[in-house]
Amino acid sequence: MTEVATASAAATGIAMATEKAAKELSPEEERVLIRDIALTAEANTKEGDSFFLITQKWWQHWIDYVNQDQQPNNSNNNEGSSSLSGNSDSNGVGISKRPSGIDNSDLISDGPAEDANSDDGVEIHDTLLEGRDYVLLPQQVWNLLFSWYGGGPALSRKVINSGLSQTEFAVEVYPLRLQLLVTPKGDRSTIRISKKETIGELHRRACEIFHLNLEQVCIWDYYGHRKHALMNDMDKTLDDANIQMDQDILVEVLNNVNDTLVTDGTSITDNGFADKEATSVLLEPSKSSLSIAGGLSANKIASKGYSAEQLQNQTLGCPNKESDNHFGNSGVSTRGTFGGLTGLLNLGNTCFMNSAIQCLVHTPEFARYFREDYHQEINWQNPLGMVGELALAFGELLRKLWAPGRTPVAPRPFKAKLARFAPQFSGYNQHDSQELLAFLLDGLHEDLNRVKHKPYVNSRDADGRPDEEVADEYWANHIARNDSIIVDVCQGQYKSTLVCPVCNKVSVTFDPFMYLSLPLQFATTRSMTITIFTCDGSALPSTCTITVPKQGRYRDLIQAVSNACSLKQTEEIKLVEIRNHLIHRFLDDSFVSLSTIKDDDHLAAYKIQKSATGNVLLQLIHRRQEQETSDAQRWKPFGTPLISSLLCDDVIRSGVIQTIVQTMLTPLLKEGIEYSDDSDPSTSGMARDPSDHGSGEVDTNCASTSINKVLPKLPLQLVDESKTCIDLPAGDEKAINLSAMSHVVVYLDWTSKLLEKFNINYLENLPEVFKYGPITKKARTEPLSLYTCLEAFLREEPLVPEDMWYCPQCKEQRQASKKLDLWRLPEVLVIHLKRFSYSRSMKHKVETFVNFPIHDFDLTNYVADKRSSCSQLYELYALTNHYGGMGSGHYTAHIKLLDENKWYNFDDSHISPINEEDVKSAAAYVLFYRRAKSDTSGTSSAGSRRARDKTSYKY
C-alpha cells in the first residue's frame, strides 16, 4: 500500500472512529486503528509537529486491553512483556478491563508552573524517563484516545531538528528553563522556551514579561553570574548560542539607547542591584534545576523508536504475522530490548570523551544512581565543585543513553559544560581519555559530596601504632570530608611507607585512591649509553652501554660506569648531563632516582683524580664563531665540555691552566701535524708530563702521555668570579686568584685553523641515553601480565626530586624510598595502563600487549589488610582502547552488558557485538573491574560514616 493510500485509509478511519462512540469499538478495532494512524503520523513527521506525553501506567493498561484477545493460552510465552493488569481466568488467559479516563497526574509537578506565560501552564516532573514514566504519541493518536476516553491534562511537546546535521527529528520534552534577571530593577522570572527558538524570540518574550521597550533592552549570556556574551544576533538559535538548561539570562535595561555596554564580566551586583534579598536569590542556583537529557526525549523520530516502532511491532501489529512482531510472541512489551546500546556522535576528535563516558555510564552503580532522583545529594555550595552543573549534565546524558531507542546522541550540552569547567578540554583537539576520566570522577565527587561543611581533621603519623588502627583513623577522617557516590563506588585506600635514606626514619600513612596507574615494565633493568672522557690525555673518548636497575639510584649508575671503564683506586667518576653544549647538572647525589634521567638526555662521565682538600674542577667549554647576521659573528658553545681536577692553593699561574688543557686535548691532535710560527717558542709547547711542573700547582697524580706531541698554542679565556673573561696566553705566568671560585670555567675559542689540527668529531654528536629503534619497539610488544604491572607499581622506589619528603627527624628535605601496599579495595576498581611517556623532545607510546584477566582477577595476595571479609575477586566489565600514535590516534570502548552477558564494541556512534576473546588487545588503555558477587557483604571500617552496598545492581 502506498503512503497516499495509507494516509487516506487512516483519515477515513479517524472520521469513522469519531462518528462511532468509543464503547461501540472492540479492542481489536481500537488496536488496528491506532496502529494505522501511528504509522501514517510517523511517515509524515516534520519539524513543528506536536507529540503528547501520556503516562506509562495508563498506556500499559490500554495495551493490555486491546491485546487481550491475542494473548496465548500458555502464559510462559509472555516472557519479556509487562505483567497484565486485570484478572486471569482458570485457563491462565488474561482478562483486562477497559481503561478509565486518561490520568496524567503522575507526570505533573505539584508546584506551580514556573513559566506563567506558557501555553498550558503545567510543569512536569524533572525526573521523568521515557519508557518508564511516559510514552510519546503523535497528535492524531492522542486526539483519538482523548475522544474515546477523555481525561488529561494534555501535555503537548514539539518536534525539533537535532543531530550534527540537523536532519534528524526529536521531541523536545523539556524545553530550556531560563532564569531572567533584570538590571537595574532586580526583577526576575522563569520561562520555558525551545532551544530552537531564536535570540530574537527570547528578546521579545523577555520584554513582554517585564513590560519593556524592545529598543531599550539588551540580553546577555549570564552563565555563572558573569557576562559571557552579548546576545545580539537575533536570528541565531539558543542552541547555537550554547544556552543551557537552568541558565541565567541578564536582561539589561538601558536608560539611554546610546548607553555604553560593559563587557568586563562584572557581576549583577555591580550593575545596580542593591537589594540584599534580591542579590542572595541571584547568587544561589535553583534547587530544582534537575533536567533530563538536555531537554530532548531519548525517542528520536528518525530512528523509528518507541512511539512508532513499538506501536507497530510490539503493540499494534498482528501477532499472527511473525514479520509484524520483532520483539517476541507477546502483543505488548515495554521492555522488549535491552537498553544501553546508544552511541555518541563524534563532534570532532571527541572519541576520547565518548569512550570514557560510555564506561562510566555502563557502570551499574552509576546507571542506577543517576536514573533515580539524585538531585537531593547535589552540593550546590561546594567551592571545589561546579555548583552541581557537571553532575546534572552527566546525569542528563546518562539518561539519554539508557532511554529506549538506539539513535546516537550528540553530547553537545555535556561538552559545553565540560569546556566551561575544564578549559583544557575545550575545542576539538584530541586529548587523553584517562585525564578526562580523572577530571570527571573528581568533579562528580565534589558536585555530589554529601558533606556540606567539611570539618578540620588532623591525621597523625603511625608512630608505632598498629596499621589497622591507623588505617581506620585515616579512612574515618577521609569520609568525614568526602562522602559521595563516587567514594562509595570507586575509592580505595593504600598504605604508603616512606624511609629516610639518611636516618632511616619510617613514616606510614594511609591515602585514598580513585584509580591505579600501573607502569608497563618488562624487566627490572634499564640500558643506558654514556660517553667516557679522560683528563690525563691517555685515551680518546669512548662510548659504553651499561645496564642498571630500572628503579635504581645515581650510585648504581656511577658504580656501573666505574666498572665499565676499569676505574683505578686513585680515580673517581664525575657524571654530568650535557644540554646545549654546556654542563646542565652534576649527577653526584647518590640517592637520587634514575627515573629523573630521561631516555633522550645526553650524559658524559669524566675520569679524574680523586678529590683532595683544596681541589677544584676545571671546566673547559668549547666555542666557535657562528654567523649571527650578515655582518656579525658570535662565539657560541659547541661540542662536549671537558673536566679536569685542579690542585691549587689560592693562586695559580695561567701557564699551568694552558698545560692542563693541552694535556686533555692531546688524544684529539691529528697525526703528522706540527705547529710552527714566528712567535716566541714559549708560546707553543710540548704536552709534557704533568708531574714535571716545578711549581707544584698541577695535580701530581695525573698520568703522563707516552708520546710527546707538539701542540699549538690555545686561545683560552678564564671566567672570573665577576663573570669577566681573562685571556690566558701560552707562556704567560700571570697569577690568578681562585680563592673565591668553587670551580674554574675556561673558554677555548676554536679558530678555523685550529679546527684543522684536531679531530673534534670526538667531541660532537653525544649519543642519547637510550635511542628507540625498530628492534626495541618490536621487543616491547612481548606480552606482559597485569599482575606484573601491579607488582611494579607496588615495588619500593625512591621519590623523584620534585617530590622530596621532609624528614621530621633530620629536619631536612630527603629523597626517601617509597613503598605502596593496597589496603582497602573499592567496589569498582579502575586501572590505568601507562602507555604514554613524555620527555622534552619526544612523546612515546608503549604498544605492549598486556594480558589482563577478564574473569577472576584475584587481588587477595596484594591486599595488606587481612581483616577484610570482602571478596577480592574482580570481573572486567568495561575498558577503553587507544589505537594509533600519540595525538593522532582513536579511542573506542569495549563494554559488557551484564543483563545480556554480552560484550559490545562502542566506536562513537557505531555499536557492534564482539566475542569475549576479542576483548583483549594491545590497545587496552583503561580497565574497569567490578568486585565479584559474594554471599557475605563486607562493610567499611569502624571509623567510616557509611556502609558500602555490596549487592549487584541490575540495569
Side-chain angles (χ1 to χ4, degrees), residues 1 5-43 52 54-103 135-151 304 306-336:
M1 185 181 291
T6 303
S8 177
T12 302
I14 294 174
M16 294 174 59
T18 53
E19 291 176 2
K20 297 178 65 175
K23 61 183 179 182
E24 296 178 3
L25 292 176
S26 67
E28 174 64 9
E29 289 176 321
E30 288 190 27
R31 183 182 67 81
V32 173
L33 185 57
I34 292 295
R35 179 196 63 188
D36 293 341
I37 294 172
L39 288 173
T40 302
E42 175 163 332
F52 286 72
I54 191 168
T55 177
Q56 170 71 31
K57 182 179 179 181
W58 189 94
W59 176 252
Q60 185 61 55
H61 190 173
W62 182 82
I63 293 295
D64 295 340
Y65 167 68
V66 298
N67 280 279
Q68 59 185 324
D69 293 337
Q70 309 296 334
Q71 298 294 340
N73 289 334
N74 185 356
S75 61
N76 292 333
N77 291 333
N78 197 32
E79 181 179 352
S81 67
S82 299
S83 59
L84 298 174
S85 57
N87 304 317
S88 296
D89 64 13
S90 58
N91 294 323
V93 179
I95 301 176
S96 183
K97 296 179 180 179
R98 187 176 186 274
S100 57
I102 298 171
D103 183 9
V135 294
L136 288 167
L137 302 178
Q139 183 170 359
Q140 299 92 322
V141 173
W142 164 263
N143 289 342
L144 205 51
L145 289 173
F146 183 77
S147 69
W148 292 342
Y149 295 94
K304 299 185 177 174
Y306 186 89
S307 63
E309 183 180 23
Q310 292 187 358
L311 280 172
Q312 178 185 3
N313 295 331
Q314 296 180 324
T315 307
L316 308 170
C318 178
N320 295 325
K321 294 183 180 180
E322 203 172 298
S323 61
D324 286 342
N325 189 1
H326 303 300
F327 295 96
N329 296 324
S330 166
V332 180
S333 174
T334 59
R335 300 187 298 272

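Bear in mind the structure is a predicted one, so any value in this text is a computation, not a measurement.
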- Item | Rounded distance [0.5 Å steps], CG in L25 versus CZ in R31 | 13.5 Å
- Item | Shortest non-hydrogen separation from W58 to D103 and the atoms involved | CD1-N, 4.1 Å
- Are L145 and W62 side-chain neighbours, meaning at least one heavy-atom pair lies under 4.5 Å? yes
- Message: Is there a side-chain contact (heavy atoms from CB on, under 4.5 Å) between F52 and F146? Walk through the geometry before answering.
- Response: CA-CA 11 Å; F52 286 72; F146 183 77; over 6 Å; no
- Has the side chain of W142 got a donor or acceptor atom that lies under 3.5 Å from a matching backbone atom of L136? no
- Roughly how far apart are L144 CG and E30 CD, rounded to 0.5 Å? 8.0 Å
- CD1/I34 to CH2/W148 distance, rounded to the nearest 0.5 angstrom? 4.0 Å
- Note on the structure: Shortest non-hydrogen pair, P99 vs H61, comes out as CA-CE1, 3.9 Å
- State the CD1-CG distance between I37 and L33, to the nearest 0.5 angstrom. 4.0 Å
- Query: For the atom pair CD (Q56) and CD1 (I63), what is the distance rounded to the nearest 0.5 Å?
  - Reply: 9.0 Å
